[in-house]
Number of protein chains: 2
Amino acid sequence: MSCRNAEQLARALPAGRRTRQRGAVLHVLLDCPDFVSAQQLHALTTADGIGVGLTTVYRTLRELEARGRVDVVRDDVGERLYRIRPFGRHRHYLVCRACGRSRPVEADAVEAWVDLIGEAAGFDAVEHTVELTGICATCRTDAPAVADDGEPL
Amino acid sequence: MSCRNAEQLARALPAGRRTRQRGAVLHVLLDCPDFVSAQQLHALTTADGIGVGLTTVYRTLRELEARGRVDVVRDDVGERLYRIRPFGRHRHYLVCRACGRSRPVEADAVEAWVDLIGEAAGFDAVEHTVELTGICATCRTDAPAVADDGEPL
DNA sequence: AATGGAAATGGTATTCATTTTCATATAGTG
DNA sequence: CACTATATGAAAATGAATACCATTTCCATT
Ligand SMILES: [Zn+2]
Ligand SMILES: [Zn+2]
Ligand SMILES: [Zn+2]
Ligand SMILES: [Zn+2]
């Protein structure tokens, strides 16, 4: 596997200690253009020969999530999928249900809306989850255009 | 348990067959002002003496979800929580992480945003999940105002 | 370089929501 | 009433995520 910008980001992640395992998870994560599950990460590190325990993978991801270095979505089964957060600010994604490819979307409008709603309701520490899924143009033309069930949410 | 408007909505739910069990689940659901889990529903119907199998509860909920008669959120553990959808249109909620109470929020802005994003990206059948959590005014004054971890998403 | 204690690791066992299976019961029609 | 597609539900399976805990490793200090 090739390394793109591991050094920069690895240095930008002031977690607890610098261990071989955390490095491995980060390394793999940095080379994943799309969302991956904990299990996939575990398999990938193993394939790399670095071998990180499943427990540690979960722990590292939770750590990263708490520090806001990854974005998290859930697939249709409820499984958590992780992706390195490109910049300081968090992002929201539009994920294709057919091929799984995702693209970040411009969500300033939503961020503003969230602040407004929270304030209006008198809530503190408001957090939000926003997920978009659909069928991308490529998959629509490839596949028989069946929406599986067709019920738009 | 008292029944509020079971008749109206029960008639408004053109599922497959009209069975005692589906009626029971609906009945309980209609009397739940806040989100409940499948397990809770199962317990409630049992407490009512109506006794609906857990399998059937799950099946009924999936049915209701497919027909858009319930809104669904996930708690922090990933567990699904259901709530009868007040009107035809789906709603989004602001849920208190401390007491669990929820209130629907005005989300037209988000609905419009979703349409825009989906169209711009050339995606079909775009679905969305929007969840807001926070600490309500009541819980803030009651509890030691600790944000648990304090990291706003 | 040696040390010591706190932090991190990871194999295994466990939890627990949700799904599958499949034998039985029932709604609804004629 | 008989008949059949449909629904039910107990039990078993699934699988992500967590708990446990003995062992290892980082790293500030001597
Ligand atoms: Zn696609
Ligand atoms: Zn956001
Ligand atoms: Zn509250
Ligand atoms: Zn919506």
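As the structure is a computational prediction, the values presented were derived from the model and not from experiment. Within every chain, numbering begins at 1; the chains are lettered A, B, ... in the order of the sequence lines, protein sequences first and strands thereafter.
Between the CZ atom of A:R74 and the C1' atom of C:dA17 there is a distance of 12 Å, rounded to whole Å. Separating the CZ atom of B:R62 from the C1' atom of D:dT8 is a distance of 14 Å, rounded to the nearest angstrom. Between B:Y82 atom OH and C:dA17 atom P the separation is 13 Å, expressed in whole Å. If you measure from atom CD of B:E65 to atom C1' of C:dA17, you get 15 Å, rounded to the nearest angstrom. With rounding to whole Å, B:R80 atom CZ is found 14 Å from C:dA17 atom P. Atom CD1 of A:I50 and atom P of C:dG10 are 11 Å apart (whole Å). Here the C1' atom of nucleotide C:dT9 and the CG atom of A:L54 are 12 Å apart, to the nearest Å. Protein atom CD of A:E79 is 17 Å distant from nucleotide atom P of D:dT14, rounded to whole Å.
In this structure, B:T56 does not reach the D:dA7 phosphate: none of its side-chain N or O atoms is under 4.0 Å from OP1 or OP2. Contact annotation: A:R18 does not reach the phosphate of C:dA8 (side-chain N/O to OP1 or OP2, under 4.0 Å). Distances shown here put a side-chain N or O of B:Q21 below 4.0 Å from the OP1 or OP2 atom of D:dG9.
Counting only N and O atoms by type, the side chains of A:H90 and A:H128 include a donor and acceptor under 3.5 Å apart. In summary, the side chains of A:T133 and A:R97 do present a donor paired with an acceptor at a separation below 3.5 Å, with no hydrogens or angles considered. For the residue pair A:S102/A:R83, the side-chain donor-acceptor check at 3.5 Å is satisfied. Side-chain contact check for A:Q40 and A:Y82: no donor-acceptor pair (N or O, by modelled atom type) lies under 3.5 Å.
Counting atom types as modelled, B:R17 pairs a side-chain N or O with a base atom of D:dA5 as donor and acceptor under 3.5 Å.
Using a 4.0 Å heavy-atom distance criterion, A:V77 is classed as making no nucleic acid contact. Using a 4.0 Å heavy-atom cutoff across all strands shown, B:R59 reaches at least one base atom of the nucleic acid. Among the protein residues, A:T55 comes within range of the nucleic acid bases, having at least one heavy atom under 4.0 Å from a base atom.
Nucleotides of DNA chain C nearest to A:R20 and B:A38 differ in position, and the one nearer the 5' end is that of A:R20. Residues A:Y58 and B:G53 each lie close to DNA chain D; by heavy-atom proximity, the contact nearer the 5' end of the strand is made by B:G53.
Comparing D:dG9, C:dT18, D:dA7 by their nearest atom to the side chain of B:V52 picks out D:dG9. Nearest nucleotide to the A:R22 side chain, out of D:dA16, C:dT18, C:dT9: C:dT9.
Ion pairing between B:D71 and B:R89 fails under the 4.0 Å rule for side-chain N and carboxylate O.
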